[in-house]
There are 2 protein chains.
Amino acid sequence: MGEFELIDRYFRRPATRAPLGVGDDCALLAPAPGNHLAVSSDMLVEGRHFLSTVDPARLGHKALAVNLSDLAACGARPLAFTLALALPRADSTWLEGFSRGLFALADAHGCELVGGDTTQGPLNICITVFGEVPPGQALLRGGARAGDDLWVSGTLGDARLALEVFRGRPVPPGGFEAARARMETPTPRVALGLALRGIATAAADVSDGLVGDLGHILTASGAGATIDTSVALQTIAESNHFTMGNGNFDASFALECVLAGGDDYELVFTAPPAARDAVRAAGQAADTPVTRIGCIDRAPGLRLIDGAGQPVPRHFAAFDHFA
Amino acid sequence: MGEFELIDRYFRRPATRAPLGVGDDCALLAPAPGNHLAVSSDMLVEGRHFLSTVDPARLGHKALAVNLSDLAACGARPLAFTLALALPRADSTWLEGFSRGLFALADAHGCELVGGDTTQGPLNICITVFGEVPPGQALLRGGARAGDDLWVSGTLGDARLALEVFRGRPVPPGGFEAARARMETPTPRVALGLALRGIATAAADVSDGLVGDLGHILTASGAGATIDTSVALQTIAESNHFTMGNGNFDASFALECVLAGGDDYELVFTAPPAARDAVRAAGQAADTPVTRIGCIDRAPGLRLIDGAGQPVPRHFAAFDHFA
């Protein structure tokens, strides 16, 4: 199977929204008149972002999901994407599964593949995604203000739990497959991002861990934050995922996974207290749980408190590819 | 040096045209009102697209040049690009050189870096480039018509010559550095692509070899072509690059390099005979030589003839990453 046959067989589909799709030197996009085009690019490397044993359909899903998550964090509506793929070999079984998982998620979001590149090399997947957002309506990192509430969407920690099991931690008695699915097929919160336009003051997606990604918001906003860890812990999907062999809930490990787990692809965002009902309504409209876990402070830095308001001293490092 | 310090030190520059550049979940682009956005993505892998010994500044140039070449082939005006980079390690010397070469070419084309990704992994460079083109004015592959002239820009063959020297062919007495520079720092024909809007009927850039890339035009246009090899041979930069140790011109090798060399990043394009003066004027306006090497035929397939009109029987394979 040659390069162009590979593209024709697995990746060429007629463009429906774009004026020109796969097959020329460039693709052509036509954003809705007056809209800005939101752009994000993520590169996934075997052994860093996914295990070599991952099901290729799940990998196809995840490669696009992490990019759609960036659009969600900006409140942009998905439009199209390009796919650049380095493959050790042209493996039909792998390509069939990968493209199936990729297009299933793409179709669910009306996001069409318009171009890209294929080459031989160590497995590497680079997707660049495009979305539309009206000028001034994008959710940015720099808009958080002291007094704002701090929110997260969905559930946190399961992706990290699953990773630790792959690294040798015993499978929790409460189950593993649900956590594994959270790691391998994350749900980009596109609908929530759209619903939060005009409501949230700042947003980011949780890819490197809540503390790290919140840190980007705080730096960009010139602010600090306080997280109530007793509430943050409520964002775990099921407490029995974090039980130990003796049946006890491992609160310390659960909190580590929630605050510094990474790979959750939830949204962390801020909004004024007056917008609480609007945030909850946005969550309902997007069919996505939202949890208020703290607040934005004038004083720089991140403070963790327990349910009684007492400091929780901990150190968390966000994931860093070169640290 | 951590991931974010690396980005800050080498790749974060203020966006001047884009509403939002490096540093948020997405970048925001604002194409000129009514324009389409041309998009292309190319992935460069060490050992496939460049040698591990290449000067990093030249590699930075080339990584963007091959993408700008796709914009040129569509007649699009460069606007912005994203850079996704997998690096074995955060090497300051390499990053300084790479970013210097990259930004020198970017600045020359008014094309600004707006976002991307960095990760640890086998060296891989994926750039996605964005350009503007008014609706209906993009140069596409499918517009060639029987009777059109067949043109190429600039010079062909030197990149392949240089590659063959790296593969062990003796350095030609006529010099090597000029050929090597053509391989390592190709010139994207952006100005020519813009000047050919409304003149050329079809265009592609020569990345996989003239015969292969012309083949894409012929397939998309449902046409064939005839190349006069005696004229095509005039597109070599200097005949003394293709002299052998005995001082004789190696016409066979030169023709192989011209017709199937690849990595030239020139434009191959078609235009009606009535537009010959306009094509030459476009070449002059863009300060880029243009050579008429043949014509488009109704009969499918590619025919090679010599200066006397006699068939030249040869077989050329375009470069294919998986063949």
Side-chain angles (χ1 to χ4, degrees), chain A residues 1-4 6 19-20 23-31 33-34 36-43 45 47-49 70-71 73-74 76 82-87 89-90 114-122 124 126 128 130-131 133 135 138 140-141 203-205 220 320-323, chain B residues 1-4 6 19-20 23-31 33-34 36-43 45 47-49 70-71 73-74 76 82-87 89-90 114-122 124 126 128 130-131 133 135 138 140-141 203-205 220 320-323:
Chain A
M1 177 165 48
E3 181 178 354
F4 297 102
L6 185 162
L20 186 67
D24 215 293
D25 291 284
C26 292
L28 294 175
L29 300 179
H36 284 169
L37 199 80
V39 178
S40 182
S41 197
D42 272 306
M43 179 175 265
V45 175
R48 302 289 297 184
H49 302 89
D70 285 312
L71 290 186
C74 279
T82 58
L83 167 69
L85 198 54
L87 297 170
R89 70 203 73 80
V114 294
D117 195 13
T118 52
T119 181
Q120 203 275 337
N124 184 308
C126 183
T128 304
F130 313 102
V133 61
L140 305 183
R141 292 177 175 176
D205 73 328
D320 187 316
H321 284 287
F322 295 102
Chain B
M1 179 165 46
E3 180 179 355
F4 297 102
L6 185 161
L20 187 68
D24 215 293
D25 291 283
C26 292
L28 294 176
L29 300 179
H36 284 168
L37 200 80
V39 177
S40 182
S41 196
D42 272 306
M43 178 175 266
V45 175
R48 301 290 296 184
H49 302 90
D70 284 312
L71 291 185
C74 279
T82 59
L83 167 69
L85 198 54
L87 297 169
R89 71 204 72 81
V114 293
D117 195 13
T118 53
T119 181
Q120 203 274 337
N124 184 307
C126 183
T128 305
F130 312 101
V133 61
L140 305 183
R141 293 176 174 176
D205 74 328
D320 185 315
H321 283 286
F322 294 102

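All heavy atoms count here, side chains included; hydrogens, waters and symmetry mates do not. Reminder, nothing fancy here: chain letters follow the sequence lines and each chain counts from 1. Keep in mind that what you see is a predicted model, and the values were worked out from it rather than measured.
By number of non-hydrogen pairs under 4.5 angstrom with chain B, the leading residue of A/Gly131, A/Pro135, A/Cys74, A/Pro31 is A/Cys74. Across B/Ala84, B/Gly116, B/Ala30, B/Gly47, the residue that shares the most heavy-atom pairs under 4.5 angstrom with chain A is B/Ala84. Chain B forms more heavy-atom pairs under 4.5 Å with one residue of A/Ser40, A/Gly34, A/Cys26, A/Ala203 than with any other, namely A/Cys26. Among the candidates B/Thr128, B/Thr82, B/Asp205, the residue making the largest number of heavy-atom pairs closer than 4.5 Å to chain A is B/Thr128. With chain A as partner, the option from B/Ala204, B/Ala76, B/Ala73 having the largest number of non-hydrogen pairs under 4.5 angstrom is B/Ala204. The choice from B/Ala27, B/Gly115, B/Cys126 that makes the most heavy-atom pairs within less than 4.5 Å of chain A is B/Ala27. For chain B, the option among A/Leu20, A/Val45, A/Leu83 with the highest count of heavy-atom pairs below 4.5 Å is A/Val45.
A heavy-atom distance below 4.5 Å is not found between the side chains of A/Leu87 and A/Thr118.
In this structure, B/Val39 and A/Phe130 approach most closely via the heavy-atom pair CG1-CZ, 3.5 Å. For the pair A/Arg141 and B/Gly23, the tightest heavy-atom approach, listed with the atom from each and the gap, is NH1-O, 3.1 Å.
If you measure heavy-atom distances from B/Ala220 to chain A, you find no contacts under 4.5 Å at all. With a threshold of 4.5 angstrom between heavy atoms, B/Ala38 approaches chain A through its backbone and through its side chain. With a 4.5 Å cut-off on non-hydrogen atoms, B/Pro33 does not touch chain A at all. No part of B/Val114 comes within reach of chain A, as not one of its non-hydrogen atoms sits under 4.5 angstrom from that chain. When heavy atoms are compared at a cutoff of 4.5 Å, A/Ala138 approaches chain B solely by way of its side chain, counted from C-beta outward.
Rounding to the nearest 0.5 Å gives a distance of 6.5 Å between CG of B/Leu140 and CG of A/Leu28. Taking CG of A/Asp70 as the reference point, atom CG of B/Asp117 lies at 8.5 Å (rounded to 0.5 Å). Separation of atoms OG1 (B/Thr119) and CZ (A/Arg48) is listed at 5.5 Å; rounding is to 0.5 Å. Separating the CG atom in B/Asn124 from the CE atom in B/Met43 is a distance of 4.0 Å, to the nearest 0.5 Å.
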